Structures are given as C-alpha cells and as structure tokens.
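Step one of this worksheet: look at the structure below.
Throughout, a chain's letter reflects where its sequence line sits, starting with A, and its residues are numbered from 1. This structure is a prediction, so every number in the text was calculated from the model and none was measured.
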Protein chains: 2
Amino acid sequence: MSARQVTLAEVAKQAGVSLATASRVLNGSTRQVSEDLSERVLRTAEELGYVPNASAQALARNSSSLVGLVVHDITDPYFSCIAAGVTRVAEAAGLSVVLGTTGRRPEREAELLSTLRAHRARAVVLAGSRTTDRAAQSRLAAEIDAFSEQGGRVACVSQAKLGTDTVVPGNRAGGRALARALTELGHKKFAVLGGPSELVVARDRLAGFKAGLADAGIAPPVVINGAFTRDGGYAAAMELLASKSRSTCVFAVTDVMAMGAMAALRERGVRIPEDISIAGFDDIPTLRDTVPALSTVRLPLEEMGEIAAGLVLDAGGDEARTVRVAGEVVLRASTAHN
Amino acid sequence: MSARQVTLAEVAKQAGVSLATASRVLNGSTRQVSEDLSERVLRTAEELGYVPNASAQALARNSSSLVGLVVHDITDPYFSCIAAGVTRVAEAAGLSVVLGTTGRRPEREAELLSTLRAHRARAVVLAGSRTTDRAAQSRLAAEIDAFSEQGGRVACVSQAKLGTDTVVPGNRAGGRALARALTELGHKKFAVLGGPSELVVARDRLAGFKAGLADAGIAPPVVINGAFTRDGGYAAAMELLASKSRSTCVFAVTDVMAMGAMAALRERGVRIPEDISIAGFDDIPTLRDTVPALSTVRLPLEEMGEIAAGLVLDAGGDEARTVRVAGEVVLRASTAHN
DNA sequence: ACAGCGCTGGAAAGCGCTTTCCCGCCACGC
DNA sequence: GCGTGGCGGGAAAGCGCTTTCCAGCGCTGT
C-alpha cells in the first residue's frame, strides 16, 4: 500500500527541487522554470501519482474550482436539462459542479448559497424559479450579496435578481404567442392550469397568455392554480373538470403539468384533442414522444444552462448582463381546430 | 462593504476567546466549553455572519464535506432519479454533492474520480453502467483503489466493482420475470432492443430475458443493439422493422429506448399493442403517463440512490456490502394478449 | 495537607499549497 | 571593471482552520 497521500513536498524532494519550483511547474504560474527541472518534476509527479489537494489549493489561492448549481428538483426534466448544460460547460472549463436541490422550499436556496460560500465556490447558477415570498427573498438577496462580495459570481436562470447575470426565457412573450396561436385555431374559451401563484415563472407565462387572449379579443381564461409538478397538473385538471367550465382549450404552464392534466382528462374519458385541446410550455425532450404529441412553447433548456454557466464563468464586467432566449410555439397533435 | 471574509480568528478576537475555543464551539468537538463562553462565541459568530471556510476545514481535518456522484447523463431520467435519491440523503447528512457527468465516455469516469480525489471527497457513488472495455476498466479500478486508499468510500449502483459497496437491481431476474409474464400473454416470437453490447446492465437484462424465454420453451429472440438512449431505441426499432421479423412482442432494455421504439413503430403505422406489444425496463416516473402506458419492470430508482448514498456514508465495516433491490414486473397497456 | 485527577482554556504546530521576497547568477552598458 | 537589470531558484510566510499539548484550577481521597 502506497502512502496515504502524495504531497507536493514529496514530489519536490524526490525530484530534488524546492517546493516553490514544483508548485510552479505543476500549475503553471507566471514564473518560468527551466526545461530540465520542469521535466524532472513532471516525471516524478507522474511516477508518484501526485494529485494536488484541491482544498489546500483553494485555501492558498482563496478560490476553489467549484461551481454551484441549485435547482428545485433534479428529477424534473426542466431542471435536469439545464443542469446538463451547466455541467457541460463547467466541466469543459475544468471545474466541478456541486449540485444543490431545494425540494421547492425557498429557504433552502439561501442555505445552499451559504454552503456554497463556505466552499468558496467560484460561481453559482440559480435555476430555481423566483418566489414572491418576501422573507425568503431578502434572505436570499443577503446571501447573494455576501457571495458576490466574497468574489463569487452568480447567475440566475429565469429570475432577474439584484445585479446578477441572468438568462431569461421569453415566458411572457411565449405565453402570449401561444395564446395567439391557439386563438387562431378557433378556440374561444380557455382555461389555464397555473403554477403556484408565488412563482414568477408561472405568473409570467400566465400573464403573457392572458395578454395574448386579450390581443385577440377573447375573454380571460379560467385559471386554476396547482403545484408545479405532474401531480399538480393532474389535480388542477380534475378541479377544472369538476368546475364544469366549458373551455375547449387548456394551457398548462409547464409540460410536466400538462402531462398530469392529460392523464386526468383521459381518466375522465375526455378525448384530446377532440374534446379538449391542451398545450404546455418548455418542450421537454423526454416528453416529445408522447401521444398525442404535446403542443408547447419550446425553450432551449440545455442551451440556457450553457449560457448561464458561460456568463458566470467568464469574468465579465461589473455590469449585470441579461441574455434573453426566445420561446418558439410548436403546435402538435394535442391541440386541434375548434 | 464588509470585510472580504469573516474568519474564525476575527470571531475569536471579537468574542474575547482563543482561536481554539472558538473552533470548539462552532463545530462541536469532543471538548466541552463553558456555557457563557460558548454563548458569547455563538452570538458574535452570528453577528459577524461567520461562515467557516470549507477548504480550510477540509485541509485541517483531511476530509471534506463533499460527496461525488458520477452519472452518464443527468438528462436521462434513470440517472436523474438516482441523483435525486443521492442528493437527498447527502444533503440530509450535511454534505454537498458534486455531480460529474461522463457523457457516456468510459474514460471520463476515471478522470472524474481523480478530480473527486483531489477534492478529498469523502465518498462517491458511481451510477454509470459498467462497460466491458478493458483499458477503461483497469484505469477506473486503479482510481477506485487510490480513492479508497486515501480514505474515501465508493459505492456503485448496478455494477459490482472491486470491493466496493454496491446496490444491484435485479436486472437479470427482472428480465426473466418479464419474459415469463410476456410469454404468459401468449407471445411466441420476441425481439429485443438491446443496449450497446459492452454495457453489463444491458447484457444482464437481455440475458435474464433470454433465460425467461427458455424457461417457457420459447425460441430465443432476435436482438438488435443500439445506443442506450431514446434515439438508440428509435434506430433499433427501425432496424427491426426493416428486418421483417415477425415478432409480436418487443422488449426494449430501457424505458427510454422503448419510448424511441414506440415513436418509430407509430411512425410506421404499427399499432401498439394491437400489432405489436412492447415492454421496457426501469419504470421511469416521468414516462408513466404515456399512452399506451408502457409495460415495464419497475425499479425503485430514487430509493436505489438513497441506498447507495446510505452505504457510502455510514462508515460500515471493511467488508464490501451488496444490497439487492428487486424489479417488479408491471404490465400495462403497451402489451396485449396474443 | 497534599498528591492526583478531571476539566476548561489557550498557545502553537501543523494540514498542503501559493506567492512574496530575496539571493545569486549572468549579460549588458557605461 | 563595476553597477544594473533581468532571470531562475529557494526560503519562508502565510491561507483559515483543527488538534495536540500544556497550564491552571477546583475537587476528591487518604
């Protein structure tokens, strides 16, 4: 059994150079090291199987190679797609991503940020949907402040936040465009299965949708709020059914909710799209093969993750940057003419 | 703007105690500290917004609060479910999980493990499917060795590995039981859409399935290998169709592949289950609402993640432990009598 | 009364690395 | 020929913590 851990000091000794030289060779500082010493160090490091102690480096440099990623629920395809984008660019940059999940509890966001700060994470991307809960908000704001002050960068996806870089999907515009497309199909009576009212993502999509209906001179929709999940969609749809609303088209603010809603409708013998049309939002790749294919607003989820990671990694100015990504309405089999 | 960072030393000074005392209070060592000192330290820490420097702690303690999680593709619901389980228990234990993705390249696994070692991760769970590639295997084995020797624990899900804790799903047994159930439906001619032949998970499921058919005295299935993804399933199904095989039932070794296959079949006008029955494996929650509902073998994915994390976190003996979790055949609408 | 013990608090020695500073060396310019 | 830089190398001072070791103190037991 070899030593518990190979340290730089051992490598240096073995190679017959000083600690400083070894360090300079193995991490490429600004300083030059002569060819042969450099060679020797590299070789012994290789032989000994040296792996730098990331904690020690982080401590000495006062900055780690960690990038935070906080999501509500990694199981939700919306988040896992974003996560894929973030990890791809982080790993390409030689960084490790630490994944935090909030389980949809807003307080957790601040806690996680604090942990990330403890780790001196170089950056963090917040993919959670912003809530309107004041207390959680200000606690989070404080953490974000602390985090940046300590030299970390933070980017948000889909939630503008005090001076952080942000990638904002066109939630409002997408909702509006979707409404327009749906009214063009001839629908006049709409219902929307909204997310919890404190999530701005849900609210933006809803607001956009309403605006779109208004554009077309259509009466505002019945809206039923539910959890931002498959079950939430299911429950909301059940409630809708119970309400005897005569809507011909329902918009679920999320593909995942739409799936739940479709399940509920099917269960009740409502045919899609013959009896009722349904549309979602996000265009989750995993869900593209469902029957009937779900009409939705496509968001380039992975790309959004990549952009966010990109923002947060390239030092950038002190200005908070905002990248907008557009949603694209795609009408498929779940919506029919009326 | 406050100080760049609040250190333990500042807290100690402010509270009028020694560094040692402050440390003891703020992390709960074995040593006792009197009530009032303790109180004072806690209060000043609170006031100053002290957050311990995780790197420094890791360095001093020679062990960090990081847990590694290595998956192929976080976008794949199979992995994201496992990830959810792992993060849940890790976070409950006050640890942070660093997520590594291999993009299905076996070499990446070893690289990630090395990074994790650099971070002195306390443990890591390898959720990738084992490949049969010799070189990658031995490189990985070496990394696992190095990692454990350095004091880290490693657990694998679904791949027994040199003396690591493992949670093994009943791939073989599940495949076999599924085959039996399917033959009981009256099917006599089977096809299986296998994963890449070097993945043992795929091979085990296939082997079990073949055994099940043999049990029932049914001829071995046509097998077509494809990538372990939706597109792989799609392509394999297309190939199957082209081959003019007269199978009445196809088993895709993965739900995700089954989704792709179903898309292909539908596209070709093949009705499910009237013309052909299809079954998958995993019972991905996100896919449960598809129509027709997919027959499959249910695996408690999140629970598997939890178990793996549990194994790897509770120190355990030196013995490599193995936890088997059974798959449960669930027949739904995608398979019909023949 | 005193040795011995248990207990709390503090000084200080690391943990493995980075980086500043300094030193000696060489090439140059005057 | 000697001061001046520039340059490659090493010594050593941290980075922020943990933990050992020691000092002091109040007890108990004989």
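Between B:A56 and B:V17, the residue whose closest nucleotide on DNA chain C is further toward the 5' end is B:V17. Map B:R24 and B:Y50 each onto its nearest nucleotide of DNA chain D; the residue landing nearer the 5' end is B:Y50.
Taking 4.0 angstrom as the limit, A:S23 places a side-chain polar atom (N or O) nearer than this to OP1 or OP2 of C:dT18. Under 4.0 angstrom from either OP1 or OP2 of D:dA11 there lies no side-chain N or O belonging to A:S18.
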message: Assess the residue pair A:T101 and B:R88 against the criterion (side-chain contact (heavy atoms from CB on, under 4.5 Å)); give the C-alpha distance rounded to whole Å, side-chain angles, the decisive distance to 0.1 Å, and a yes or no.
response: CA-CA 8 Å; A:T101 56; B:R88 182 171 319 120; over 6 Å; no
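When distances run from any side-chain atom of B:N27 to the nucleotides D:dA11, D:dT18, C:dT8, the shortest one goes to D:dT18. Out of C:dG16, D:dG9, C:dG10, the shortest distance to the side chain of A:L37 is found at D:dG9. For A:T7, counting side-chain heavy atoms from C-beta on, the closest listed nucleotide (C:dC17, D:dT18, D:dG10) is C:dC17. Ranking C:dT18, D:dT18, D:dC15 by closeness to the B:Q57 side chain, first place goes to D:dT18. Taking only side-chain atoms of A:A60, from C-beta outward, the nucleotide of D:dG16, D:dC15, D:dG9 with the closest atom is D:dC15. The side chain of B:A20 sits closest to C:dG10 out of D:dG10, D:dC17, C:dG10.
Judged by distance alone, the side chain of A:R122 and the main-chain N or O of A:S64 form a donor-acceptor pair under 3.5 Å. Side chain of A:D165 to main chain of A:R321: a donor-acceptor pair is present (N/O by atom type, distance under 3.5 Å, no hydrogens or angles).
One atom, CD of B:E39, and another, P of C:dT8, lie 17 Å apart when rounded to the nearest Å. Taking atom CD of B:E35 as the reference point, atom C1' of C:dG9 lies 16 Å away to the nearest angstrom. Atom CG in B:L48 sits roughly 14 Å away from atom P in D:dG16 (whole-Å rounding). The nearest whole Å value for the distance from the CG atom in A:L19 to the P atom in D:dC15 is 17 Å. Atoms CG (B:L59) and P (C:dG14) sit 14 Å apart, rounded to a whole Å. In this structure, B:R31 atom CZ and D:dT19 atom P are separated by 12 Å, rounded to whole Å. Atom NE2 of B:H119 and atom P of C:dC17 are 13 Å apart (whole Å). Distance A:Q150 CD to D:dC15 P: 16 Å, rounded to the nearest Å.
Taking the charged nitrogens against the carboxylate oxygens, B:E111 and B:R108 do have a contact shorter than 4.0 Å, which makes a salt bridge. Under a 4.0 Å N-O distance rule, the pair B:R139/B:E107 does not qualify as a salt bridge.
Residue-level contact check: A:S34 touches the backbone only, with heavy atoms under 4.0 Å from sugar-phosphate atoms and none from bases.
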